[in-house]
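Below is one structure, written out as structure tokens, with a few remarks after it.
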Amino acid sequence: MIFIKAIEVFKISKKFKVKIKEKGLYGSIKSILRPKYKEILAVDNVSFSVNQGEILAFIGPNGAGKSTTIKMLTSIIYPDNGKISVLGLDPTTNRKKLTKNIGTIFGQKEQLWAHLTPYDNFKFFGAIYDLPSNLVEKKINDFKNIFEIDKFINVPVKHLSLGQRMICEIIASLIHEPKILFLDEPTIGLDPVIKEEIRKLIKKLNETFKTTIFLTSHDIGDIEKLCNRVIIMNNGKIAIDVSMENLKKNYLYIKMLELSVSDTFVVPNLPGITDVKKDGRKLKIYIDSNLISISKVLNLLDYSQISDINISSLPLEEVISDIYRRRI
């Protein structure tokens, strides 16, 4: 099969009919006897493409149209109009063939059987995809070496940590060697150390197997550390489609330093500090990383008066709001 783009989307739209319910008991009865509906345009004339081997962040606030778009790409639902090509296949007419070439991971939905070991789960998924037993065995050994899961590959999934389960969820989706992996919030609920492990796994997966990664996440850390391009959706439309370098330079340059400090702590007077907010002994320092590096600010702090410190990016919702403020 020859194709240039992993994904091509041209002017797709999707509407949903939603029942309108008035307040109270009377409203509930009325909605049953004489139901009224309204149409919601979840995806509105959206077009984009994804190159083979690319790691794309497809992000936006809740209700932006991300999940609806992904469901159309993976043939769970069909667009009302427009065209989609995934690996050269139309999801509306080649659903079975497409599912053998893609993988999906949803951070809040488990696909592994909890009472089975990861090894048994991998064998099970190999059987689902009609793969020869000896080929599945070889793949498991390869994954075991690449992703270093020897210590828990024979431990029942129900006894694994959340991070170990997430690693195995990803590996289970690789048994049939998908050319595209759709990841929906893969690090949600994980602690910072495990998040970093999952990110390394995804990066290694992309580098080793040249797998195209289609990532959705509310964690700016996932996006910054993994993706080379970002599409931001809002209200069913694409708000911006830029490289990661462009996004960092123009939209993700504000970092937030959260400190627990003593009463006598003094914030350094530096040109890159754009704002300071204090609530008792809790302090938030906003830093323009285009003007000064975080490391330089950290080097100038008096740590004898600091009991706790945390560095983060602005919440994704604030980033999107800033994008819209600039474009009005």
Side-chain angles (χ1 to χ4, degrees), residues 1-19 37-109 111 125 127-131 169-170 172-186 206 209-217 227 229-241:
M1 188 186 299
I2 299 173
F3 44 85
I4 300 172
K5 300 284 187 180
I7 299 172
E8 290 184 282
V9 174
F10 182 71
K11 293 185 177 181
I12 61 168
S13 296
K14 184 67 181 179
K15 291 180 180 178
F16 292 104
K17 190 179 287 186
V18 179
K19 184 184 287 188
Y37 299 88
K38 68 175 180 179
E39 282 192 336
I40 294 177
L41 187 58
V43 176
D44 184 8
N45 202 40
V46 165
S47 299
F48 64 90
S49 64
V50 183
N51 294 324
Q52 291 184 63
E54 188 173 10
I55 304 182
L56 171 76
F58 193 72
I59 62 177
N62 293 330
K66 306 187 305 296
S67 295
T68 300
T69 302
I70 292 172
K71 287 175 182 177
M72 288 189 280
L73 293 176
T74 55
S75 74
I76 295 173
I77 60 176
Y78 301 147
D80 295 329
N81 48 58
K83 294 182 179 180
I84 299 174
S85 172
V86 180
L87 300 172
L89 300 170
D90 183 342
T92 63
T93 58
N94 291 282
R95 183 177 187 181
K96 189 173 181 179
K97 198 170 183 179
L98 177 63
T99 55
K100 290 186 176 182
N101 287 283
I102 64 173
T104 56
I105 297 289
F106 296 95
Q108 294 176 304
K109 295 181 181 178
Q111 61 180 339
F125 278 91
I128 286 178
Y129 286 99
D130 295 322
L131 299 177
E169 290 279 353
I170 293 174
S173 294
L174 303 178
I175 289 294
H176 63 297
E177 294 186 3
K179 296 178 178 67
I180 303 177
L181 190 59
F182 292 89
L183 297 173
D184 187 10
E185 301 284 357
N206 174 256
F209 301 101
K210 309 303 178 188
T211 308
T212 303
I213 307 293
F214 195 97
L215 170 73
T216 69
S217 179
C227 303
R229 178 172 154 231
V230 179
I231 292 177
I232 297 179
M233 283 196 73
N234 199 31
N235 297 321
K237 295 183 178 182
I238 291 179
I240 191 171
D241 182 347

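No experiment lies behind these values; they were computed from the predicted model shown.
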- Query: Shortest non-hydrogen contact from Leu215 to Cys227?
  - Reply: CD2-SG, 3.6 Å
- Please report the C-alpha distance between Ile84 and Leu73 in whole Å, then the side-chain angles of each, then the deciding distance to 0.1 Å, and finally whether the side chain to side chain contact (heavy atoms under 4.5 Å, CB included) criterion is met. CA-CA 7 Å; Ile84 299 174; Leu73 293 176; 3.7 Å; yes
- Message: Nearest 0.5 angstrom please: Ile40 CD1 to Lys17 NZ, how far?
- Response: 12.5 Å
- Going from CZ on Arg95 to CG on Asp90, what distance comes out if it is rounded to the nearest 0.5 angstrom? 13.0 Å
- Side chains of Asn101 and Val86: does their closest heavy-atom pair fall under 4.5 Å? no
- side-chain contact (heavy atoms from CB on, under 4.5 Å) partner of Lys15, chosen from Asp44, Val43, Asp80: Asp80
- Rounded to the nearest 0.5 Å, how far apart are OG of Ser47 and CD1 of Ile238? 7.0 Å
- State plainly whether the residues Arg229 and Asp241 are in salt-bridge range, i.e. N to O under 4.0 Å. yes
- Heavy atoms of Ser13 and Asn45 approach each other most closely as OG-N, 2.8 Å
- Task: Verify side chain to side chain donor-acceptor pair (under 3.5 Å) between Thr216 and Asp184, making sure each step is shown before the conclusion.
- Result: CA-CA 5 Å; Thr216 69; Asp184 187 10; 2.5 Å; yes
- Item | Nearest heavy atoms of Asn51 and Lys5, plus distance in Å | OD1-NZ, 2.7 Å
- Note on the structure: Taking every heavy atom of Met72 against every heavy atom of Pro91, the minimum-distance pair comes out as O-CB, 3.7 Å
- Note on the structure: Heavy-atom closest pair (Ala172 atom, Gln111 atom, distance to 0.1 Å) is CB-NE2, 4.3 Å
- Please round to the nearest 0.5 Å and tell me the distance separating atom CZ of Phe214 and atom CG of Leu183. 10.5 Å
- Indicate the ring-plane relationship of Tyr129 and His176, choosing parallel, tilted or perpendicular according to the 30° and 60° boundaries. parallel
- Message: Quick one, Ser75 and Asn94 - any side-chain contact, counting heavy atoms below 4.5 Å?
- Response: no
- Message: Using 0.5 Å steps for rounding, measure from the OG atom of Ser49 to the CD atom of Glu54.
- Response: 8.0 Å
- Message: With a sphere of 6.0 Å drawn around CZ of Phe16, does it hold more than 12 non-hydrogen atoms of other residues, nucleotides or ligands?
- Response: yes
- Item | Shortest non-hydrogen contact from Val50 toward Leu56 | CG2-CD2, 3.6 Å
